[in-house]
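Heads up: the structure comes next, in C-alpha cells.
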Amino acid sequence: MGDTNGQVVAGGNGQGNRLDQLNYPTDVLIDKETDSLIICGRNNRRVVRWSRRSGTTQGEILISNIGCWGLAMDDQRYLYISDVEKHEVRRYEIGDKNGTLVAGGNGEGADLNQLNCPYYIFVDQQQTVYVSDNFNHRVMKWNKGAKEGIVVAGGQGYGNALTQLSYPYGLFVDTLGTIYVADTFNNRVMRWPKGAKQGTVTVGGNGEGAGANQFHYLRGLSFDQHGNLYVVDLENLRVQRFSIE
C-alpha cells in the first residue's frame, strides 16, 4: 500500500511458453495454503502455480490444454476454471486434471443450461458458482449440483438500460448475495441486489473517458476488507480505487 513501483512476482521474461514466462494472463488468485499464485495463461492454454517464496524463477503447470479465462477457489481449496472454448466452468481438486462440470457444458448458446464465453467467475461459501456470461450479456448463478443456471443480472440483450448488461467481465458477490459486475461496454460497474430485476450504477456510467469517474474498457474488479472497490481500467492503463458506502 502506498508503493509507486511494483515488483515482479511471476513472469517478467517476455511473452512465451517457457515455464518462466506468461502469455496473456487473464486471472490470478492467491493460494494461502501453499503461499503461491495460481494464474490462467490464456494464450498458453494452461493454468500455472507460481510460488511466492523468494528465489522462485518459474511456475509449474497445474492444468494444460484448457481454454481458461477466469479462476476462483472455494473454502475447501477446490479450484474453479472457466473455459471460453468449451463454454463451461469446471471444479478441480489440486492435482486433478479432468475436473467436474459445474456450469454450462452444453455447447455455446443462451439457454439456461448453456453459456457463451464465460469469462470471470465467483464462488461463494455454499459452492454456488456465479459466471459473467459475456456474449449473453448476463450473470448466471449455478447452485451446487444444478443442471441449469439462473439469470441473476442482465439477460435482456445488449444495451445500457438498468435491466441490461453489455459484455460483462469482472464479478464480485458479497455475503448478502449482492452482485457487482463490470459492465464493460457501458463503462460502468453495476450493483445488483439479490432478487432484483434491475441494477444500479455504482461507479462510472459517465461515458467512455479518462476522468476519475470514467472508464475505458473495464475488466476485473475486487473488494478489500474495508469495502474499497478496485477496478481494472484497461485502455486507461490504470487500476482505480473507489470507497463504496
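Just so you know, residue 1 is the first one in the sequence shown, and it goes up from there. Because the structure is predicted, anything quoted here is derived from the model rather than measured.
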Quick one: does [X]'s side chain have a donor or acceptor within less than 3.5 Å of a partner on [Y]'s backbone?
X: Gln21; Y: Asn13; answer: yes
X: Gln114; Y: Asn106; answer: yes
X: Lys141; Y: Val131; answer: no
X: Arg138; Y: Ala110; answer: yes
X: His216; Y: Gly209; answer: no
X: Asn134; Y: His137; answer: no
X: Asp133; Y: Met140; answer: no
X: Asp83; Y: Val89; answer: no
X: Ser132; Y: Leu171; answer: no
X: Asn23; Y: Gln15; answer: no

Which heavy atom of [X] sits nearest to which heavy atom of [Y], and what is that distance?
X: Ser36; Y: Ser51; result: CB-CA, 3.8 Å
X: Met190; Y: Thr202; result: C-OG1, 4.1 Å
X: Gly211; Y: Gln240; result: O-NE2, 4.0 Å
X: Ala72; Y: Val123; result: CB-CG2, 3.8 Å
X: Gly204; Y: Val201; result: O-CG1, 3.5 Å
X: Asp75; Y: Gln125; result: OD2-CG, 3.3 Å

I want to check something: taking the side chain as every heavy atom from C-beta on, are [X] and [Y] in contact at a cut-off of under 4.5 Å?
X: Trp142; Y: Val102; result: no
X: Ser243; Y: Asn228; result: yes
X: Arg45; Y: Glu85; result: yes
X: Asn187; Y: Gln214; result: no
X: Val28; Y: Ile38; result: no

So if you build clusters from Ile, Leu, Val, Met, Phe, Trp, Tyr with side-chain heavy-atom gaps below 4.5 Å, do [X] and [Y] land together?
X: Ile94; Y: Ile61; result: no
X: Leu165; Y: Val203; result: yes
X: Val181; Y: Tyr130; result: yes
X: Val231; Y: Trp192; result: yes
X: Val139; Y: Val173; result: yes

Working to the nearest 0.5 angstrom, can you tell me the gap between [X] [atom1] and [Y] [atom2]?
X: Leu19; Y: Arg46; atom1: CG; atom2: CZ; result: 5.5 Å
X: Arg91; Y: Asp96; atom1: CZ; atom2: CG; result: 10.0 Å
X: Cys68; Y: Leu62; atom1: SG; atom2: CG; result: 11.0 Å
X: Phe135; Y: Cys117; atom1: CZ; atom2: SG; result: 4.5 Å
X: Thr56; Y: Asp20; atom1: OG1; atom2: CG; result: 12.0 Å
X: Leu71; Y: Cys40; atom1: CG; atom2: SG; result: 5.5 Å

- Quick one: list whatever passes ring pair (Phe, Tyr, Trp, His ring centres under 6.0 Å) with Tyr78, sequence neighbours left out.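 If we apply the ring pair (Phe, Tyr, Trp, His ring centres under 6.0 Å) test to Tyr78, skipping adjacent residues, there are no hits.
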- Using distance alone, with no hydrogens and no angle criterion, decide if Tyr167 and Tyr217 have a side-chain donor and acceptor under 3.5 Å apart.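 Checked: Tyr167/Tyr217 side chains show no N/O donor-acceptor pair below 3.5 Å.
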| query | Just checking, any donor-acceptor pair under 3.5 angstrom between side chains of Asp74 and Tyr80? | reply |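 Side chains of Asp74 and Tyr80: pair found under 3.5 Å.
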**Prompt:** Does atom CZ of Phe223 have more than 12 heavy-atom neighbours, drawn from other residues, nucleotides or ligands, at distances under 6.0 Å?
**Reply:**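 Check passes, neighbour count above 12.
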CD (Glu93) with more than 12 external heavy atoms under 6.0 Å
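Counting neighbours around CD of Glu93, 12 or fewer heavy atoms of other residues, nucleotides or ligands fall under 6.0 Å, so no.
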I want to know whether Phe215 and Tyr169 have ring centres closer than 6.0 Å.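 Between Tyr169 and Phe215, which both carry aromatic rings, the centre distance is not below 6.0 Å.
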Given the rule in the side chain to side chain contact (heavy atoms under 4.5 Å, CB included) test, do Arg52 and Val9 qualify, once you have shown the distances and angles that lead to the verdict?
CA-CA 7 Å; Arg52 295 208 303 162; Val9 290; 5.9 Å; no
Legend entry - side chain to side chain contact (heavy atoms under 4.5 Å, CB included) between His87 and Asn116, worked out: CA-CA 6 Å; His87 308 285; Asn116 190 349; 3.8 Å; yes
N-O pairing of Asp31 and Arg77 below 4.0 Å
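A salt bridge links Asp31 with Arg77.
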- Between Leu229 and Leu221, is a side chain to side chain contact (heavy atoms under 4.5 Å, CB included) present by the stated rule, with each step listed? CA-CA 7 Å; Leu229 171 65; Leu221 55 80; 4.2 Å; yes
Subject >> Given Trp69, Tyr119, Tyr120, the one that forms side-chain contact (heavy atoms from CB on, under 4.5 Å) with Asp27 >> reply: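 When Trp69, Tyr119, Tyr120 are each tested with Asp27, the side-chain contact (heavy atoms from CB on, under 4.5 Å) holds only for Tyr120.
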Determine all donor-acceptor pairs shorter than 3.5 Å in which one atom belongs to a side chain in residues 143-161; sequence neighbours excluded.
unit_1: Lys144; atom_1: NZ; unit_2: Gln127; atom_2: OE1; d: 2.6

